[in-house]
Amino acid sequence: MAKVLVVGQGGREHVLAWKLMQSPQVEEVFCAPGNAGTAEDVTNVDISATDCERLLKFAKENEIDLTVVGPEASLVAGIVDIFKAEGLRIFGPSQAAAALEGSKSFCKDIMRRANVPTADYSVFTDPTDAVQYVQEREETTFVVKADGLAAGKGVFVCSEKADAIEAIHELMTKQSFGDAGKKIVIEERLEGQEVSVLALIDGRTIVTLEPAQDHKAAYDGDEGPNTGGMGAYTPAPFATPELVDLVIEKILIPTVHTMRKNGTEFKGVLYAGIMLTNQGPKVLEFNVRFGDPEAQPVLMRLKSDLYEVLNAAANGRLKDLPELEWDERSAVCVVMASEGYPGSISSGHSIRGLDDAAKLTPDTKVFHAGTAIDGDNVVNTGGRVLGVTALGTDLSQAKKKAYEAVKCIRWQGAWCRKDISDKARQAESEA
Ligand code: AMP
Ligand code: GLY
């Protein structure tokens with residue numbers, strides 16, 4: 001029987017730990033550092049997700065068979081290289097390959113070399129040059145991005161030149177995201193529906209997961225600032241089997257090939273954030289790990305044994321794996337957030353009603369993200385607090401069940417988007 005370590009503390013890590021625990025081959029799952037939800041389902045270990053040396057020591061001492069890494073920060077910090085150097089099995093990309101997410105300019109360069117469709121772009125290290133570029137362009141819409149990691153918040157989608165210039169100052173002059181904004185990428189703004197296509201990659205073989213749609217903007221109707229993701233659902237009607245084939249052919253295969261040629265072979269989850277434009281699918285970004293919150297609804301629908309799947313990927317044996325099995329039903333995940341998110345938040349409030357929500361139906365699961373145990377209470381500690389996820393015969397039923405559970409839960413300042421999965425209906429009416 002295997003022992004597994006999940007690294008991270010968000011909703012994605014909660015679903016990973018929960019799903020891995022269901023494997024008949026798994027004896028114990030640890031989550032470092034975890035949250036109040038993982039403490040209930042598995043065993044938390046009080047080590048930070050980026051403290052690679054202590055995680056390594058823990059994995060060795062506890063004879064961990066497989067380590068699964070959630071957050072990009074740990075991957076960019078080189079956890080995979082450190083574990084592999086000691087002969088430990090770990091699922092994720094090397095530090096060099098994680099640059100696909102850790103540096104937007106690296107990512108853009110790989111896409112250009114791989115001939116992967118993406119928005120036109122320029123890279124700047126000087127704010128004066130960046131402002132001049134914006135002023136001289138004919139178009140008035142831009143997307144300004146911090147080159148480095150910024151927890152999904154370093155992207156500014158701008159409708160006017162003045163907003164783009166403000167974003168440049170926010171990133172480069174005020175340095176609101178520290179070193180991550182020293183270099184920036186300015187892109188053409190694309191229009192269309194977004195889908196997330198995630199694939200498991202062992203260096204050569206590509207196994208796609210069921211596509212999902214995230215909701216990046218903070219408020220209903222896609223208004224407001226960008227967030228890490230306010231909710232997700234699957235299946236995404238925009239992502240037809242033909243589209244997924246096109247994404248594999250035009251995006252995933254050339255990227256994996258170019259990464260290998262570049263000496264940065266990719267192993268792990270390759271997450272393609274895609275915009276369905278009039279000219280076909282274009283890549284908005286690559287992430288090098290499971291999406292959060294996409295992982296919650298997607299893994300809730302996975303019927304295959306996640307341990308077996310990730311173990312095969314870590315062993316470079318994806319080609320021998322039977323086809324993944326999926327629950328035919330739909331899943332919707334609604335993120336409940338703290339007051340103030342995505343800005344500075346109000347934390348430490350007791351969360352009520354978690355037990356009532358859990359009792360509603362067996363097809364509902366409240367995944368924790370920014371929570372901790374404080375005495376007898378569960379309190380909010382982060383911006384995104386819970387991912388309330390439900391399965392239903394179709395999307396509207398899954399949505400109804402998820403929001404019924406949301407209604408049971410309260411804490412001071414709690415809020416969520418009310419329209420998670422409504423974009424799917426737009427797809428149906430356009431079809
Ligand atoms: P990223 O972290 O690069 O995916 O950007 C976060 C979000 O910003 C995406 O999910 C999109 O909603 C939006 N976005 C990023 N790049 C573009 C673009 N070129 N055009 C329009 N929206 C974009
Ligand atoms: N949901 C977006 C992300 O995981 O980056």
Side-chain angles (χ1 to χ4, degrees), residues 72-73 76 100-109 111 118-196 213-231 271-277 282-287 291-293 335 337 340-345 383-384 417 423:
E72 58 277 15
V76 169
L100 210 48
E101 176 165 2
S103 165
K104 296 220 187 259
S105 54
F106 174 83
C107 178
K108 282 294 205 179
D109 184 49
M111 285 199 270
T118 184
D120 286 339
Y121 72 103
S122 298
V123 179
F124 297 92
T125 50
D126 181 87
T128 317
D129 293 347
V131 170
Q132 190 184 349
Y133 171 84
V134 166
Q135 279 166 339
E136 286 174 358
R137 299 289 296 185
E138 245 173 55
E139 71 270 26
T140 57
T141 61
F142 300 90
V143 182
V144 180
K145 301 183 173 183
D147 184 65
L149 294 182
K153 293 185 273 187
V155 173
F156 298 83
V157 180
C158 307
S159 309
E160 291 175 29
K161 287 189 174 188
D163 298 341
I165 292 168
E166 201 182 310
I168 293 167
H169 286 309
E170 192 70 36
L171 291 172
M172 302 189 97
T173 320
K174 287 197 213 148
Q175 300 188 352
S176 303
F177 294 92
D179 285 352
K182 274 191 172 164
K183 198 193 255 188
I184 64 166
V185 173
I186 303 186
E187 286 185 7
E188 143 199 38
R189 179 171 171 181
L190 303 174
E191 302 284 344
Q193 285 286 346
E194 280 182 51
V195 285
S196 309
Q213 188 173 42
D214 190 8
H215 297 64
K216 293 284 235 176
Y219 311 129
D220 286 14
D222 283 345
E223 298 287 334
N226 242 315
T227 68
M230 294 303 297
Y271 163 142
I274 287 168
M275 185 80 96
L276 304 177
T277 73
K282 292 192 179 185
V283 176
L284 294 172
E285 64 167 344
F286 278 124
N287 294 323
D292 189 343
V335 170
Y341 181 74
S344 56
I345 60 152
R384 294 189 293 168
R417 273 182 68 156
K423 288 195 260 193

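Note that these values count all heavy atoms, side chains included, but never hydrogens, waters or copies made by symmetry.
- Among all heavy-atom pairs drawn from Pro127 and Thr173, the shortest one is CB-OG1, 4.3 Å.
- Taking Thr118 as the reference, Lys108 meet the side-chain hydrogen bond (donor to acceptor under 3.5 Å, both in side chains) condition, with sequence neighbours excluded.
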- Item | Verdict with reasoning, Met111 to Phe286, per side-chain contact (heavy atoms from CB on, under 4.5 Å) | CA-CA 10 Å; Met111 285 199 270; Phe286 278 124; 3.8 Å; yes
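- Residues meeting the ring pair (Phe, Tyr, Trp, His ring centres under 6.0 Å) test with Phe124, sequence neighbours left out: Tyr133.
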- Query: Would Val131 and His169 satisfy side-chain contact (heavy atoms from CB on, under 4.5 Å), going step by step from the backbone distance to the final call?
  - Reply: CA-CA 9 Å; Val131 170; His169 286 309; 4.1 Å; yes
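- Atoms NZ and CD1, from Lys282 and Ile274 in turn, are 13.0 Å apart once rounded to the nearest 0.5 Å.
- A salt bridge is absent between Lys216 and Asp222: the closest approach of a Lys/Arg side-chain nitrogen to an acidic carboxylate oxygen does not fall below 4.0 angstrom.
- Here the NZ atom belonging to Lys104 is positioned 15.0 Å from the CG atom belonging to Asp109, to the nearest 0.5 angstrom.
- Counting non-hydrogen atoms of other residues, nucleotides and ligands closer than 6.0 Å to NZ of Lys161 gives a total above 12.
- A distance of 7.0 Å separates OG1 in Thr141 from CD in Glu191, rounded to the nearest 0.5 Å.
- With hydrogens and angles ignored, the 3.5 Å screen pairs no side-chain donor or acceptor of Arg417 with any backbone N or O of Met230.
- Note that NZ of Lys145 is 12.0 Å distant from OG of Ser105, once rounded to the nearest 0.5 Å.
- Side chain of Gln213 to main chain of Val195: no donor-acceptor pair is present (N/O by atom type, distance under 3.5 Å, no hydrogens or angles).
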- Just do the side-chain contact (heavy atoms from CB on, under 4.5 Å) check on Glu194 and Asp214 with the steps written out, would you? CA-CA 8 Å; Glu194 280 182 51; Asp214 190 8; 6.0 Å; no
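- Under a 3.5 Å cut-off, the side chain of Ser176 and the backbone N or O of Glu170 do form a donor-acceptor pair.
- In this structure the side chain of Tyr219 reaches within 4.5 angstrom of the side chain of Pro225, judged on heavy atoms.
- Judged by distance alone, the side chains of Arg384 and Thr227 never bring a donor and an acceptor atom under 3.5 Å apart.
- Of all heavy-atom pairs spanning Cys158 and Ala167, the tightest one is SG-CB, 4.4 Å.
- Gly224 and Ala217 get closest at one heavy-atom pair: O-CB, 4.1 Å.
- With a 4.5 Å cut-off on side-chain heavy atoms, Glu166 and Phe156 do not count as touching.
- To the nearest 0.5 Å, atoms CG (Leu190) and CG (Leu276) are separated by 11.0 Å.
- Taking each heavy atom of Gly181 and Ala146 in turn, the nearest pair found is CA-CB, 4.1 Å.
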- Query: Would Ile168 and Ile186 satisfy side-chain contact (heavy atoms from CB on, under 4.5 Å), going step by step from the backbone distance to the final call?
  - Reply: CA-CA 9 Å; Ile168 293 167; Ile186 303 186; 4.0 Å; yes
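- Across all their heavy atoms, Gly383 and Tyr341 have their closest contact at CA-CD1, 3.4 Å.
- Within the 4.5 Å cutoff, no side-chain heavy atoms of Phe142 are placed close to those of Val157.
- No donor-acceptor pair under 3.5 Å is formed between the side chain of Asp147 and the backbone N or O of Ile184.
- Under the rule for a salt bridge (Lys or Arg N to Asp or Glu O under 4.0 Å), the partners of Glu139 that lie at least two apart in sequence or sit in another chain are Arg137.
- Under the 4.5 Å side-chain criterion, counting only non-hydrogen atoms from C-beta, His215 is not in contact with Val335.
- In plain terms, the two heavy atoms of Gly154 and Leu171 that are nearest each other are O-CD1, 4.3 Å.
- Taken to the nearest 0.5 Å, the CD atom of Glu72 stands 9.0 Å off from the CG atom of Asp292.
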